[in-house]
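Working notes, beginning with the structure itself.
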2 protein chains.
Amino acid sequence: MSAADQIFAMLKESSQSGAPLYLQLRRSIEEAVNRGLIGPGDALPSERDIASKADISRVTVRKAVQDLVKGGILVQRHGSGTFVAPRMERVEQSLSRLTSFTEDMARRGMNVRSVWLDRGLYAPSPDEMMVLGLSSTELVARVARLRIANDTPLAIERAALSANVLPDPEAIGSSLYAALETTGNRPVRAVQRISATNLGDADARLLEVPPGVAGLQIERISYLASGKVIEFTRSVYRGDAYDFVAELRLTGPGEELRP
Amino acid sequence: MSAADQIFAMLKESSQSGAPLYLQLRRSIEEAVNRGLIGPGDALPSERDIASKADISRVTVRKAVQDLVKGGILVQRHGSGTFVAPRMERVEQSLSRLTSFTEDMARRGMNVRSVWLDRGLYAPSPDEMMVLGLSSTELVARVARLRIANDTPLAIERAALSANVLPDPEAIGSSLYAALETTGNRPVRAVQRISATNLGDADARLLEVPPGVAGLQIERISYLASGKVIEFTRSVYRGDAYDFVAELRLTGPGEELRP
DNA sequence: GGCTATTGGTATTTTATTGGTATTATTCCG
DNA sequence: CGGAATAATACCAATAAAATACCAATAGCC
């Protein structure tokens, strides 16, 4: 509602008398977007709302809106509404919450989807045997997916677990952690390591960037309450499109860091 | 019961009239979770309960709940109920602990030293004026150093502060924060942004790596208790030699969900 | 162990709201 | 006068929101 009012106020104050109505309206909307009054993903008032409130015909409103749609500023969905086009910019992900990828993107009005790259049981690599504590006769479950926002690939996630805790990788729904819950294997602690790497050919191709550009690499090892390692995940994020944000607090002078 | 009432109260007070019902409900639940009114592991009222008490259809309730399930906020179990999902949270780390390069390296048994690249007062750049809230007549103190562990250059740190809080950059000893303490300017909060970049020629030469290799870039803005920005630091770490480690812990119910 | 109330899961339909389009009148300017 | 830009009217089509009715799994009680 507020967003709408911003536009209307702007339209009123616009002393561009003489110019065609649809041009005045177009400029008002454009400016509202550029000034951030309505952000990417936000919905505009319906064409009829704008028309009645601004007391002009809907076709005139439509002309203004369509110009902006053609210019890529707005996006329209039949039966749904008109929205400010999501810009990719840089995506910020809070470090404090892990599972919020989908939620985070949805809040920005981005269309999120995942593509499975791999889901299956394999003979473990030496690395996996070490970290997960497997013998060479046991199997490892590998789960890999490409995360995509607005048709732009953002990250590759590769998880490895003991086949004992995830006997059927194909059965995973949208959340790996949810699947672990159902088998009673809950990680209670994890250690994450963030580093930077130059993307290799394969990963670069998946993320649709030239090989060699910088990527954020995150390795995570999750532990059960018993201290046993349950999961080992290596994720690569596009460096040009992703930021990790962490908020820090300084402990007081008297307090110890951790008892 | 209490948890349910919290939600309903929130739903009533929500003056988001006009918005779709399921969105209002979704926001209410989301906020209840974020504010800790219902913690991880707690059960939500049944879909039918919510529906009848809020006087809306169950499908509408379901739509809201399912969105949150997809986002990983809630977990549903057929025949059992809907629960707040346990989530991984980063264990709180103190500012000094996270940023103290020397301490970090010493813990790994490395011999650490620094080389000053720059220490002086300058006219502020537009960026610095913006972030630090300076006028063009004020001066900015810039402090830059190359950090070296075991004779291997690991990072470049460039800090910018108002000249008011650091009138004599040359007088800094080994710790910038110690110098700030003595003038009574103590940051209590900081926001960090971690990203990846390909190192430019100058930085690559300082870090003794070929240009173009991946580097971890960390931007940090520190705040005083008053909320004023006191420091703006941009650091670049060699991606192949430095890791940023964070520990995560799963917050959830003490008891097991599934026996 | 098996029954049963309670829980989430699903399919189908109705309705209101949204953008989409064709047609027509008006104004402005060469 | 004529053509193009502008604006208004009336109607079409797609989507989302919401409700109804029914299915299936779980937990708890006997």
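The figures that follow rest on heavy atoms only: side chains count, while hydrogens, waters and symmetry mates do not. Convention: sequence-line order gives letters A, B, ...; per-chain numbering from 1. This one's a predicted model, so the numbers in the text were calculated from it and none came from an experiment.
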Study note, to complete from the structure: Nearest heavy-atom approach of A:V61 to A:L25 is CA-CD2, 3.7 Å
How many whole angstroms separate atom [atom1] of [X] from atom [atom2] of [N]?
X	N	atom1	atom2	value
B:H78	D:dA25	NE2	P	7 Å
A:I50	D:dA7	CD1	P	15 Å
B:K63	D:dA19	NZ	C1'	15 Å
A:I56	C:dT26	CD1	C1'	17 Å
A:L23	C:dC28	CG	C1'	15 Å
B:F83	C:dG8	CZ	C1'	11 Å
A:Q24	D:dA7	CD	C1'	14 Å
A:R58	D:dC11	CZ	P	14 Å

For [N], take OP1 and OP2 only and decide whether either is under 4.0 Å from a side-chain N or O of [X].
X	N	answer
B:S57	D:dA19	yes
A:R62	C:dG20	yes
A:Y22	D:dT6	yes
B:Q76	C:dT7	no
A:T82	C:dG19	yes
A:Q66	C:dG20	yes

Check your understanding: Are a donor atom and an acceptor atom from the side chains of B:T82 and B:Q76 found within less than 3.5 Å of each other?
Key -> yes
Practice item. Taking atom types as modelled, find out whether A:S162 and A:N164 have a side-chain donor-acceptor pair closer than 3.5 angstrom. Key: yes
Check your understanding: What is the nucleic acid contact for B:R48, judged by heavy atoms within less than 4.0 Å: base, sugar-phosphate only, or nothing?
Key -> base
Check your understanding: Which residue lies toward the 5' end of DNA chain C, A:S46 or A:V59, if each is placed at its nearest nucleotide?
Key -> A:S46
Check your understanding: What about B:R77, does its side chain sit under 3.5 Å from the base of C:dG9 through a donor-acceptor pair?
Key -> no
Practice item. Using modelled atom types only, decide if a donor and an acceptor are shared between the side chain of A:D203 and the backbone of A:G200 within a distance under 3.5 Å. Key: no
Practice item. Step by step, work out the salt bridge (Lys or Arg N to Asp or Glu O under 4.0 Å) result for A:D118 and A:R142. Key: CA-CA 7 Å; A:D118 189 5; A:R142 292 203 193 120; 5.3 Å; no
Practice item. Measure from the side chain of A:S80, starting at C-beta and using heavy atoms only, and say which of C:dG9, D:dA16, C:dG20 lies closest. Key: D:dA16
